[in-house]
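Report on one structure; see the data block that follows.
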Amino acid sequence: MKDQPTDFIREIIRQDLESGRFDHVHTRFPPEPNAYLHIGHAKAIWINYSIAQEFGGLFNLRFDDTNPMTEEAEYVDAIIEDVRWLGVDWGDRLFFGSDYFEQTYQWAVELIKKGKAYVCDLSPEELIETRGTPTRPGIESPYRNRSVEENLELFERMRAGEFPDGARTLRAKIDMASPNILMRDPVMYRIRHASHHRQGNKWCIYPMYDFAHPLQDSIEGITHSLCSLEYENHRPLYDWFLDQLGIYHPRQIEFARSSITHMVMSKRRFIELVGGGYVSGMDDPRLPTLAGLRRRGYTPEAIREFCSRIGVAGKSKVESTVQIALLEDCVRDDLNKTASRVMAVLDPLKVVITNYRSHDNEEPASKLSPGESTPSHTQDGVEYLDAVNNPEDPSAGTRKVPFSREIYIERDDFREDPPPKFYRLAPGREVRLRYAYFIRCNEVVKDADGNIIELRCTYDPATRGGDAPDGRKVKATIHWVSAPHSIEAEVRLYDHLFSKPDPDDVPPGGSYIDNLNPQSLVTKTCRIEPSVIGAAPGTRYQFERLGYFCVDPDSTPERLVFNRTVTLRDTWAKIEKGMKEGSK
RNA sequence: UCCGGGGUCGUCCAAUGGCAGGACAACGGCCUUUGGAGCCGUCGAUCCUGGUUCGAGUCCAGGCCCCGGAGCCA
């Protein structure tokens, strides 16, 4: 294990273990099954899970499904898939808060018997009115002092379905003058005649989060209930229910949420973006949903690494905004070590190698290197060159790449009038074709409008493989594909969904929608070496010098579709940008 | 306005009264058959004002600023 991470939560847990408050560690991730998980959830999952792991403890996956109006089984499946994909193991501890409804009900009855809860007939509007404000205390409900017997009877009748939605609630009897508004006799149960995704029509009263959550944690023997900062104000209530009931009492600790620049991170906005047609769905590769990131080509390792690197806000428990560059660095770092390299040309420019032809009868067999079983130049003017699959990982091996008289190179890799520091191909200049030969550009062919449509070059047969026997150097190595052997594929070039780091940075009256990046998806047809034929969706590659790409599920046997996960660092782009800004 | 939480490099996170450190970004260099990767270096911060202390980012007081809170959501 690397350096033991430390943060205020782990510190508190260490102290709890030392003091004997707890003798083990047991955490949980409690999503409500009402939305797709996003990378913010990944942080919560990872904090809970990694802490359990480090302390040799247990981790539960629990669905907090106490509101039948918003929850659906579809989300349960999607969430399970996402959490599993992240690489988190909950063993056999997959639970549902709704499975505890009977116990929850019994505890509510117990609180009624203790005079700590009462049935209230106030309407939702009246409840709001009597709750007071931050500066003004609330006023007590006229039903606050009903007898235990009456409360018991009413609560039973609520369960029996005798009252319509909203007619009554069960409330905790705490303090209507508390400066913490959550303590002003909060609602514990509400009436909802609705079908529950798991319980069906068994219940028509449902516990509120504040009542249900501490009970769920208690039932499962959770030691440390790690949740996000917005629950800080809820902690006194969490503790109150547990104390009144006198049951096993986990400790709630809050951590800061993180957002990421150039992204939005809420269910509501995901729905707006999908509904407005700005993205294709909840798994659009531009969305920070786990499903979207997965489709984009992100690895679970990269996301876990990101969660570790952003850490847990310690004493500075303030919501942080992490730069997207950090996320991108994490995925590059992982993919660099694992992704197979392949050559693809996004914006093809044809190059004819005028002195390359069938070497049939021209090339004596004696020129073949020892052990080589086939001629390096075949009758149809094709030869197969060795290319390394991953320079970071020798065990990834090599492959053969076809080379011929007509190839494509990247249009960006040629300049008729090269600026300073541009090392690639230009008239009269020599570059290396990766794993192939040195070529020199002799002629630029243009169409009637003056557009460059073809380059005519010569190659140096002595440089086969990429080294010149005479020791001469070239300043650039460019990628290429053989024109007749390469295949066509669709590439979806993704960029940040929002142009500004903060999507909410808009003039008064504006909307984050205004900050949508019109270039967040650019679709192109590229040419790619034939080794990728048959690649399964989800397969990740590095397109040399361009970036990391992942096969999309939209692919068909006839036509592959690739998503660009992230570009490579592009030093030349930076230089070019610097020159442009310098000349302004 | 009341309650709760909080302000450390551009960003995220450390420093548990004792040399303010790391990562990402930026910048410069080395290296390179990916202008990739790697390696080396540079830049760069304790919100303000007092106080306690041999010594304060850390403790105390006052101020300023930011976040959360008035769902029968979670």
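Source: prediction; values computed, not measured. The sequence lines fix the lettering, A, B, ..., with proteins before strands; numbering per chain opens at 1.
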Would you measure the distance from the [atom1] atom in [N] across to the matching atom in [M] and give it in whole Å?
| N | M | atom1 | answer |
| --- | --- | --- | --- |
| G18(B) | U34(B) | C1' | 49 Å |
| A61(B) | C19(B) | P | 25 Å |
| G69(B) | A74(B) | C1' | 15 Å |
| G22(B) | A15(B) | C1' | 11 Å |
| G55(B) | G68(B) | P | 40 Å |
| C47(B) | G36(B) | P | 37 Å |
| A56(B) | U46(B) | P | 15 Å |
| C9(B) | G44(B) | C1' | 5 Å |

Show me the donor-acceptor pairs within less than 3.5 Å that the side chains of residues 320-328 of chain A make with the rest of the protein, sequence neighbours left out.
| from | atom 1 | to | atom 2 | distance (Å) |
| --- | --- | --- | --- | --- |
| Ser320(A) | OG | Ser258(A) | OG | 3.1 |
| Thr321(A) | OG1 | Ser259(A) | OG | 3.2 |
| Glu328(A) | OE2 | His496(A) | NE2 | 3.1 |

How does each nucleotide of nucleotides 64-73 of chain B score, in 5' to 3' order, for protein heavy atoms under 4.0 Å: base (B), sugar-phosphate only (S), or none (-)?
----BBBSBS
When the ring centroid of [X] is compared with that of [Y], is the distance short of 6.0 Å?
| X | Y | answer |
| --- | --- | --- |
| Phe549(A) | Tyr541(A) | no |
| Phe95(A) | Phe63(A) | no |
| Trp480(A) | Phe403(A) | yes |
| Tyr238(A) | His234(A) | no |

Spacing between [X] atom [atom1] and [N] atom [atom2], to the nearest angstrom:
| X | N | atom1 | atom2 | result |
| --- | --- | --- | --- | --- |
| Phe306(A) | A25(B) | CZ | C1' | 14 Å |
| Asp393(A) | G38(B) | CG | P | 15 Å |
| Ile409(A) | U34(B) | CD1 | P | 17 Å |
| Leu335(A) | U34(B) | CG | P | 19 Å |
| Asp7(A) | G22(B) | CG | C1' | 15 Å |
| Phe211(A) | A74(B) | CZ | P | 13 Å |
| Glu71(A) | A74(B) | CD | C1' | 9 Å |
| Arg10(A) | A15(B) | CZ | P | 13 Å |

Can you check whether any acceptor in the base of G35(B) is under 3.5 Å from a donor in the side chain of Arg424(A), or vice versa?
yes
Please state whether the base of G36(B) and the side chain of Glu544(A) form at least one donor-acceptor pair under 3.5 Å?
no
Within the 4.0 Å heavy-atom criterion, would you say [X] contacts the bases, only the backbone, or no part of the nucleic acid?
| X | value |
| --- | --- |
| Arg432(A) | base |
| Pro30(A) | nothing |
| Gln542(A) | base |
| Arg341(A) | base |
| Thr571(A) | sugar-phosphate |
| Phe422(A) | base |
| Thr321(A) | sugar-phosphate |
| Lys574(A) | sugar-phosphate |
| Tyr206(A) | nothing |

Kindly point out which of G35(B), U34(B), A74(B) is positioned nearest to the side chain of Asp64(A)?
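Closest of the options to the side chain of Asp64(A): A74(B).
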Select one nucleotide: of C12(B), U1(B), G10(B), the one nearest the side-chain heavy atoms of Thr135(A).
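Ranking C12(B), U1(B), G10(B) by closest atom to the Thr135(A) side chain puts U1(B) first.
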Option passing ring pair (Phe, Tyr, Trp, His ring centres under 6.0 Å) with Tyr105(A) (candidates Phe211(A), Phe155(A), Tyr100(A))
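So, applying the ring pair (Phe, Tyr, Trp, His ring centres under 6.0 Å) to Tyr105(A) and each of Phe211(A), Phe155(A), Tyr100(A), only Phe155(A) qualifies.
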Could you say whether Ala476(A) or Asp329(A) is positioned toward the 5' end of RNA chain B, judged by the nucleotide with the nearest heavy atom to each?
Asp329(A)
Paired with [N] by Watson-Crick or G-U wobble geometry, both distances under 3.5 Å: which nucleotide is it?
| N | value |
| --- | --- |
| C59(B) | G51(B) |
| U34(B) | none |
| C2(B) | G69(B) |

Tell me if G63(B) is syn or anti. Syn = glycosidic torsion within 90° of 0, anti otherwise.
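Anti conformation for G63(B).
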Can you see whether Ser98(A) engages Asp65(A) through a side-chain donor-acceptor pair at a distance of less than 3.5 angstrom?
yes
Establish, from distance only, whether the side-chain atoms of Gln252(A) and Glu254(A) form a donor-acceptor pair under 3.5 Å.
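The answer is yes; a qualifying pair exists.
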Residue-phosphate contact under 4.0 Å: Arg545(A) side-chain N/O, G35(B) OP1/OP2
yes
Does a side-chain N or O of Ser320(A) approach OP1 or OP2 of C13(B) to a distance below 4.0 Å, or not?
yes
Might you work through the side-chain contact (heavy atoms from CB on, under 4.5 Å) test for Arg251(A) and Ile13(A), ending with a clear yes or no?
CA-CA 10 Å; Arg251(A) 199 219 275 229; Ile13(A) 292 175; over 6 Å; no
Do the numbers put Lys400(A) on top of the ring of Tyr384(A), so that NZ or CZ is under 6.0 Å from the six-membered ring centre and no more than 45° off the axis?
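Not flagged: Lys400(A) not positioned over aromatic ring of Tyr384(A).
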Sub-3.5 Å pairs of nitrogen or oxygen atoms, protein against nucleotides 16-20 of chain B:
| from | atom 1 | to | atom 2 | distance (Å) |
| --- | --- | --- | --- | --- |
| U16(B) | O4 | Glu11(A) | OE1 | 2.8 |

Neighbour count above 12 (heavy atom, 6.0 Å) for Glu156(A) CD
no
